[in-house]
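These notes are about the structure you will find just below.
Owing to the predicted nature of the structure, the values given are computational and were not obtained by experimental measurement.
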Amino acid sequence: EQAVARAYPRIVIRELAQQFHAPRNLTPVQQIGWIDRLGAARRIEPSFETLYRDAETAASAFPPGGPRLLQAIQRLHDWKQEMIHGSGRH
């Protein structure tokens with residue numbers, strides 16, 4: 001379970017890059033920037049990079065896991081869902 005939570009930020013990068021047809025030659029860092037620009041164009045806040053870094057920091061914290069990691073993963077998941085499906089707010 002914790003291994004999946006720690007891998008989740010990288011999984012989200014791959015999923016969003018595929019979903020939105022990112023150029024294939026981008027490094028993971030470049031993919032984050034590319035995804036951030038898409039999010040900014042859709043006015044999604046905070047930035048993907050901020051949420052990605054928060055999740056990475058929480059995943060590497062000691063002791064591993066815990067509510068901080070779960071909260072960071074949930075925020076990243078919510079951001080991804082808003083990016084894919086929109087906010088539903090009109």
Side-chain angles (χ1 to χ4, degrees):
E1 184 175 290
Q2 287 193 18
V4 171
R6 287 194 297 271
Y8 187 71
R10 292 180 297 282
I11 292 167
V12 170
I13 289 174
R14 277 196 307 270
E15 288 177 351
L16 289 172
Q18 289 174 348
Q19 175 85 23
F20 293 102
H21 308 287
R24 293 181 188 263
N25 61 338
L26 298 179
T27 66
V29 171
Q30 290 171 325
Q31 286 176 332
I32 291 170
W34 189 86
I35 292 166
D36 252 350
R37 287 189 293 281
L38 287 180
R42 293 171 185 230
R43 296 187 173 115
I44 301 174
E45 293 182 354
S47 72
F48 178 79
E49 181 175 7
T50 297
L51 297 176
Y52 177 84
R53 299 287 174 226
D54 288 350
E56 287 283 300
T57 299
S60 63
F62 187 82
R68 184 174 173 211
L69 177 57
L70 294 177
Q71 290 168 353
I73 295 301
Q74 183 63 55
R75 287 191 303 270
L76 195 59
H77 175 75
D78 292 346
W79 195 98
K80 179 184 100 168
Q81 292 302 106
E82 185 171 351
M83 185 70 178
I84 293 171
H85 302 293
S87 68
R89 290 176 266 153
H90 298 292

For this session: For the pair Phe20 and Ile84, evaluate side-chain contact (heavy atoms from CB on, under 4.5 Å) and give the outcome as yes or no after the intermediate values.
Result: CA-CA 9 Å; Phe20 293 102; Ile84 293 171; 4.2 Å; yes
Exercise. Between Gln19 and Leu16, is there a donor-acceptor pair closer than 3.5 Å when you use the side chain of the first and the backbone of the second?
Worked result: no
Exercise. If you take all heavy atoms of Trp79 and Pro46, which pair is closest and at what distance?
Worked result: NE1-O, 2.9 Å
Exercise. For Glu45, does the CD atom have more than 12 heavy-atom neighbours from other residues, nucleotides or ligands under 6.0 Å away?
Worked result: no
Exercise. Under 3.5 Å, side chain of Asp54 to main-chain N/O of Ala72, donor-acceptor pair present?
Worked result: no
Exercise. Salt bridge (charged side-chain N to carboxylate O under 4.0 Å, His left out) with Glu56: which residues, sequence neighbours excluded?
Worked result: Arg10
For this session: Report the distance from atom CD1 of Ile11 to atom CZ of Arg6, rounding to the nearest 0.5 Å.
Result: 12.0 Å
For this session: Apply side-chain contact (heavy atoms from CB on, under 4.5 Å) to the pair Arg53 and Ile32, showing each step before the final yes or no.
Result: CA-CA 10 Å; Arg53 299 287 174 226; Ile32 291 170; 4.0 Å; yes
Problem set entry | Inter-residue atom distance Ile35.CD1 - Ile44.CD1, 0.5 Å rounding | 11.0 Å
For this session: Examine distances only and state if a side-chain atom of Arg42 and a backbone atom of Met83 form a donor-acceptor pair shorter than 3.5 Å.
Result: yes
Exercise. What distance do His77 atom NE2 and Leu70 atom CG have between them, rounded to the nearest 0.5 Å?
Worked result: 13.0 Å
Exercise. Once you round to the nearest 0.5 Å, how far does CG of Asp78 lie from CD1 of Ile73?
Worked result: 11.5 Å
For this session: Report the C-alpha distance between Lys80 and Leu76 in whole Å, list the side-chain angles of each, state the deciding distance to 0.1 Å, and finish with yes or no for side-chain contact (heavy atoms from CB on, under 4.5 Å).
Result: CA-CA 6 Å; Lys80 179 184 100 168; Leu76 195 59; over 6 Å; no
Problem set entry | Steps toward side-chain contact (heavy atoms from CB on, under 4.5 Å) verdict (Tyr52, Val12) | CA-CA 9 Å; Tyr52 177 84; Val12 170; over 6 Å; no
For this session: Supply the atom-to-atom distance Gln31 CD to Arg24 CZ, rounded to the nearest 0.5 angstrom.
Result: 11.0 Å
Seminar exercise, completed: Between Asn25 and Gln30 the two heavy atoms that sit nearest each other are O-OE1, 4.0 Å
